[in-house]
Amino acid sequence: MTYPKVTTDPTADPSNGQGAVPGSPKFPLIEEGVLAYWAEDDTFRASVEQRDPGKGGENEFVFYDGPPFANGLPHYGHLLTGYVKDIVPRYQTMRGKRVERRFGWDTHGLPAELEAMRLNGIKTTDDIVEMGIDKFNDACRASVLKYSGEWRDYVTRQARWVDFDNDYKTMNPEFMESVLWAFKGLFDKGLVYEGFRILPYCWNDETPLSNHELRMDDDVYQDRQDPALTVGFRLDSGELALIWTTTPWTLPSNMGVAVGPSIEYVVVESDLPTGTVERYLLAKARLASYAKELGEEPNVVETLTGADLAGRSYTPPFTYYAGSDNAHRVLAADFVTVEDGTGLVHLAPGFGEDDKAVLDAAGVETVVPVGKDGRFTFPVTDYEGMQVFDANPQIIGDLKSGTASVSAGTVLVRRESYNHSYPHCWRCREPLIYMAVSSWFVEVTKIKERMGQLNQDIRWTPEHIKDGQFGRWVENARDWSITRNRFWGSPVPVWKSDDPTYPRIDVYGSFEEIERDFGRLPLNAQGERDLHRPWVDELTRPNPDDPTGKSTMRRVTDVLDVWFDSGSMSFAQVHYPFENTDWFEQHFPADFIVEYIGQTRGWFYTLHILATALFDKPAFSSCISHGIVLGSDGNKMSKSLRNYPDVSEVFDRDGADAMRWFLMASPILRGGNLVVTEQGIREAVRQVMIPLWNTWYFFALYANAEHYDAQGSTDSTDPLDRYLLAKTRQYVEKLTGELDDYAIADACETTRGFFDVLTNWYVRRSRERFWEGKPEAFETLAAVLDVVCRAVAPLLPLTTEEIWRGLTGGRSVHLADWPDVSALPADDALVAAMDQVREVCSATSALRKAGKLRNRLPLAQLTVVVADPAALEPFSGIIADELNVKSVRLVSAESGEAAGYGVEQKLTVNARAAGPRLGKDVQLAIKGSKSGDWSVADDGTVTSGGLALVEGEYSLETAAGDAAEGAATGMLPTGGFVVLDTVVTPELAEEGLARDLVRAIQQARKDGGLDVTDRIELTIGGTPPVLEAARNHEALIAGETLATSYTVSDSGDADGSTAVVVGEGEQAAVRVTLA
RNA sequence: GGGCCUAUAGCUCAGACGGUUAGAGCACCACACUGAUAAUGUGGGGUCAGAGGUUCAAGUCCUCUUAGGCCCA
């Protein structure tokens, strides 16, 4: 039999027997071979279909794919999430579950509109209307599908198995119909209402901006000089309440004044501003900064808190809204500070988020006397038609002179210029204003308590998200504004009467309901059902509640927030409830979702809102939220900074499995951030890919050399084999637990540790047995490789596929079952003993190093003193071999020999126990234990630093002291010690020389390009001790180096020989020729 | 401006309840080992951001300062 049994390597020739498994693999090439095989074999489909869904889907593992917005190529963040989205389903599939995976696309929203506007060179919403909403939306549709092909390529290349052919898109009519159903469901439950929302607004482009657009550029925030006014509003109690504002144009819309409830305010008398004595109200802390207007030490007539002031009424500065219900009162609000201004804040509900929140709570109407072009409208007649910034000077002038509609008694106390950082439109660079925009809301505040309860049923990774970032966000949830005054999105399915005299609102939740009332469906230019604008806007009908028959039902022109789409994904992806009702009920909630941590405010949140509101269930039962991927310089990844390695280049150079490992093993899945570097990815190749591959290469090399076909038996009685099998069992058990817990980073760490044992201990120590063709070694390694490939398959799907198929000839490791540990021996004691063996080797190596005793120099004896020497007995040969000692003595720690080996007792004071009892004196005892000022009395009483210690307050341990002449002592970390005989006899020194020669000859063989099995003719020359060693150890040297002819010559360097230094500076020359 | 988080080796990070010699991986240097492995083994490095306090004892608790990050305004 020849390994590999199957290979994707086009250059491999299985009939050749050797070299079919490349020793220096090009992983990207192997990966492409495996991907091509999967494509041809349709392995993914088979992996899903071979698992029975079970009755009512009970054997299914449900995964929801969070839809990405594909307005560009995938970056590391997408790849990272994609890897997790692949690992968990692969694992669950191997565990026997059926895991359907559909890809999803988020298609609606502003990014698509911005791209379409950019491509068509248009800037404003008017431009869009002029262009035609149908043409514009066609452009949006084209822009979101532009990259779907590239996405598929990347996702396929990263070895993520997901169904693209059966994907879902949020712009499909079926998806959108389910979204309408959800909106209507919320409406019917009384969870939807219409109101205002304050947004940054560009009056030049006539569009509100999203928060995202405020962060689009660093220069969105620019310094700007604005007039800052201090104005006195006349309280009904007579004082002038001083407010400060940098937006004079909002004063005509003033509806209230806010004060900090615990801030201290004063009333002072002054005649400076008006010439007559007036009483002014402001925060005590701000008094000094008004010394110029109010006097250096004005007469304080009253001191009171904000809470005292709350409820007082005043005359508004302008008369337009005088007499509004509940308006023009002093209100307490926590956001008020005394950092600048007067400690009293003018509130205009139409132009400030805080303002609106406070006034909403007080029952004050939101007034917005500014049009979408940023110009004043009725009832602000004095400035009607003026752009708000342009109106500032006139407003200030009127305030000063009391002209226009300024209320009598209002006083302009100060006018100054104020420099501040102010947001500007990233498109047109004009300063933005904050303005109320009509919007529909989901009343999240009504259900947030239930959302919190349902959140308790979700298992979060990392755990703290549950009650931390997500839990707190839900706790402080505000109503969700779900409409946008835009074009490319699911329509708000609300039709309103266009005459307020005959009010009526209709909400539609299906095509059928629409057709029933309007007599037809919304159809696009191609005659297809289409819920997008403008087609849906065309549907109008007479208002049934209007007896005059003149008013018309027209759709609210808004579209829905894209987050409403993605939050509907759980049911809308299958067109629930119009189709697939059984499927949905069996697949909700999802078993598992994963996205980056920011989705606690995005997708996780909107899924949870809609699931709670519509189904009273959580939408998912497990959720991983991972951290953010950063560029190699620790900053956000940025195309212009080129601070991250190109994704395609990494695939081509290191491969998709290497990138997978790098990302999955990192702290990013525990919620931390991750810096992406080429170096880190290469490290994954070095630490994991190469060791695994080389174990396979090693196995194939020697199995092929022996023509051995292993069946993968676990019956070997060899101690090293038994150890590996038991260790493999422990490994798989641990890994299974970690993957069950979605602890992928832990699973990687566990695997890395196991690979170390496999390659750097088991294979290294077993080389000779493979070289000798011991069947049980091949059987053991074949069995372990099979198990390991299956266990690591989710973490390195491409590499393990190539190895597993080469090893077994099977169809795919991903069609195999998860390894059953019961086939492997459970022997924790054996594993523990081997761990101790490695400690012995490590400690003894340190002794050799300290004594400058090179490893090739054999030493006579190593004495190992441990609690249970019998446990190490099976490994004494391994210890002797590894450490190059002639004999290993295993001695019980009980035997009392310790003192003879220069090992002494050491006292350690347990400060934690002794501290509380002894107090300050504990320091004396510690000092004593360190300086040697301690003793153990015959009755066992321990005294240190003159203080008697109680049992538990100290521990007596053995430590290496001065060893006897000719020996060195080293401690073992888990107890016990080793004693190395360091006496180098002439015989040992000579054997050391012989072994140096072997090494030199092997190097010469290698340098000469000889194959491992080639026989050689060997000539050795050199100084007398070298010749002596060569003669006395001919059998060893000739045997190790496969020399059929062996000449020791004192005639100096022969032609073609290599000069080397051996032993302690002895000269040698070796000549190797092919026999 | 308010709130939250972070600061430990050249780098990335661990360090329950305070306990006296602060760990790991990588990088670097030296030596060793090497006919599977650009591998491995052994050894080498830290004023725990700064200042003050509490305590017998502080990387750990408290206060302030500095620097950086996140969220909200």
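Atom set for the values below is all heavy atoms of this structure, side chains included, hydrogens, waters and symmetry mates excluded. Residue numbers start from 1 in every chain, and the chains themselves are labelled A, B, ... in the order their sequence lines are given, proteins ahead of strands. Keep in mind it's a predicted model, so treat the numbers as computed, not measured.
Note on residues 998-1008 of chain A: pairs passing side chain to side chain donor-acceptor pair (under 3.5 Å), not counting sequence neighbours, are A:Arg999-A:Gln1003, A:Gln1003-A:Asp1007.
By the 4.0 Å N-to-carboxylate-O rule, A:Glu683 lies too far from A:Arg686 to be salt-bridged with it.
To the nearest angstrom, C1' of B:rA39 lies 14 Å from CD of A:Glu683. The distance between atom CG of A:Asp881 and atom C1' of B:rU34, rounded to the nearest whole Å, is 14 Å. One atom, CZ of A:Arg752, and another, C1' of B:rC13, lie 13 Å apart when rounded to the nearest Å. Counting to the nearest Å, the C1' atom of B:rU20 and the CG atom of A:Asn910 are 11 Å from each other. Rounding to whole angstrom units, CD1 of residue A:Ile263 and C1' of B:rG2 are separated by 12 Å. Residue A:Gln687 contributes atom CD, which lies 10 Å from atom P of B:rG25 at whole-angstrom precision. Summarising the geometry, the separation between CD on A:Glu882 and P on B:rC33 is reported as 12 Å, rounded to the nearest angstrom. Put simply, CD1 on A:Ile1001 is 13 Å from P on B:rU34, counting in whole angstrom units.
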Is there any protein nitrogen or oxygen under 3.5 Å from a nitrogen or oxygen in nucleotides 56-59 of chain B, and what are the pairs?
unit_1 : atom_1 : unit_2   : atom_2 : d
B:rC56 : O4'    : A:Lys920 : N      : 3.3
B:rC56 : O2'    : A:Gln923 : NE2    : 3.3
B:rC56 : O2     : A:Gln923 : NE2    : 3.4
B:rA57 : O4'    : A:Gln923 : NE2    : 3.2

Between the protein and nucleotides 14-18 of chain B, which nitrogen or oxygen pairs are less than 3.5 angstrom apart?
unit_1 : atom_1 : unit_2   : atom_2 : d
B:rC17 : N3     : A:Arg912 : NH1    : 3.2
B:rC17 : N3     : A:Arg912 : NH2    : 2.9
B:rC17 : N4     : A:Arg912 : NH1    : 2.1
B:rC17 : N4     : A:Arg912 : NH2    : 2.7

Are there any protein N/O atoms within less than 3.5 Å of an N/O atom in nucleotides 42-44 of chain B, and if so, which ones and at what distance?
unit_1 : atom_1 : unit_2   : atom_2 : d
B:rU42 : OP1    : A:Ser842 : OG     : 2.4

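Every residue two or more places apart in sequence or in another chain that forms a side chain to side chain donor-acceptor pair (under 3.5 Å) with A:Asp360 is listed here: A:Lys356. Contacts of A:Glu706 classified as salt bridge (Lys or Arg N to Asp or Glu O under 4.0 Å), with partners at least two apart in sequence or in another chain: none. For A:Asp479, there are no salt bridge (Lys or Arg N to Asp or Glu O under 4.0 Å) partners two or more places apart in sequence or in a different chain. The salt bridge (Lys or Arg N to Asp or Glu O under 4.0 Å) search around A:Glu353 returns A:Arg478, not counting sequence neighbours. For A:Arg848, there are no salt bridge (Lys or Arg N to Asp or Glu O under 4.0 Å) partners two or more places apart in sequence or in a different chain. A:Glu953 meets the side chain to side chain donor-acceptor pair (under 3.5 Å) test with A:Arg917; sequence neighbours excluded.
Using a 4.0 Å heavy-atom distance criterion, A:Asp354 is classed as a sugar-phosphate-only contact. At a threshold of 4.0 angstrom between heavy atoms, the contacts of A:Arg764 include nucleobase atoms, whether or not backbone atoms are also involved. Counting non-hydrogen atoms under 4.0 angstrom, A:Ile926 reaches a base of the nucleic acid. Contact annotation for A:Glu353: backbone-only contact, meaning every heavy-atom pair under 4.0 Å involves sugar-phosphate atoms and none involves a base. The residue A:Phe699 sits apart from the nucleic acid: no heavy atom pair falls under 4.0 Å. A:Arg848 comes within 4.0 angstrom of no nucleic acid atom, judged by non-hydrogen atoms across all strands.
Straight-line distance between the P atoms of B:rG46 and B:rU8: roughly 16 Å, to the nearest whole Å. Comparing B:rC28 with B:rA7, their P atoms are spaced 27 Å from each other, to the whole Å.
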Using Watson-Crick or G-U wobble pairs with both distances under 3.5 Å, give me RNA chain B in dot-bracket, 5' to 3', with [ ] for crossers and | for pairs to another strand. (((((((..((((.....[...)))).(((((.......)))))....(((((..]....)))))))))))).

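Closest contact between the side chain of A:Arg1005 and the listed nucleotides B:rA36, B:rC33, B:rG35 involves B:rG35.
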Result block: side-chain N/O donor-acceptor pairs under 3.5 angstrom for residues 687-695 of chain A, not counting sequence neighbours:
unit_1   : atom_1 : unit_2   : atom_2 : d
A:Trp693 : NE1    : A:Pro22  : O      : 2.8
A:Asn694 : ND2    : A:Ile690 : O      : 3.1
A:Thr695 : OG1    : A:Pro691 : O      : 2.8

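The phosphate of B:rA36 (OP1 or OP2) has a side-chain N or O of A:Tyr702 nearer than 4.0 angstrom. Put simply, A:Arg767 has a side-chain N or O that comes within less than 4.0 Å of OP1 or OP2 on B:rA36.
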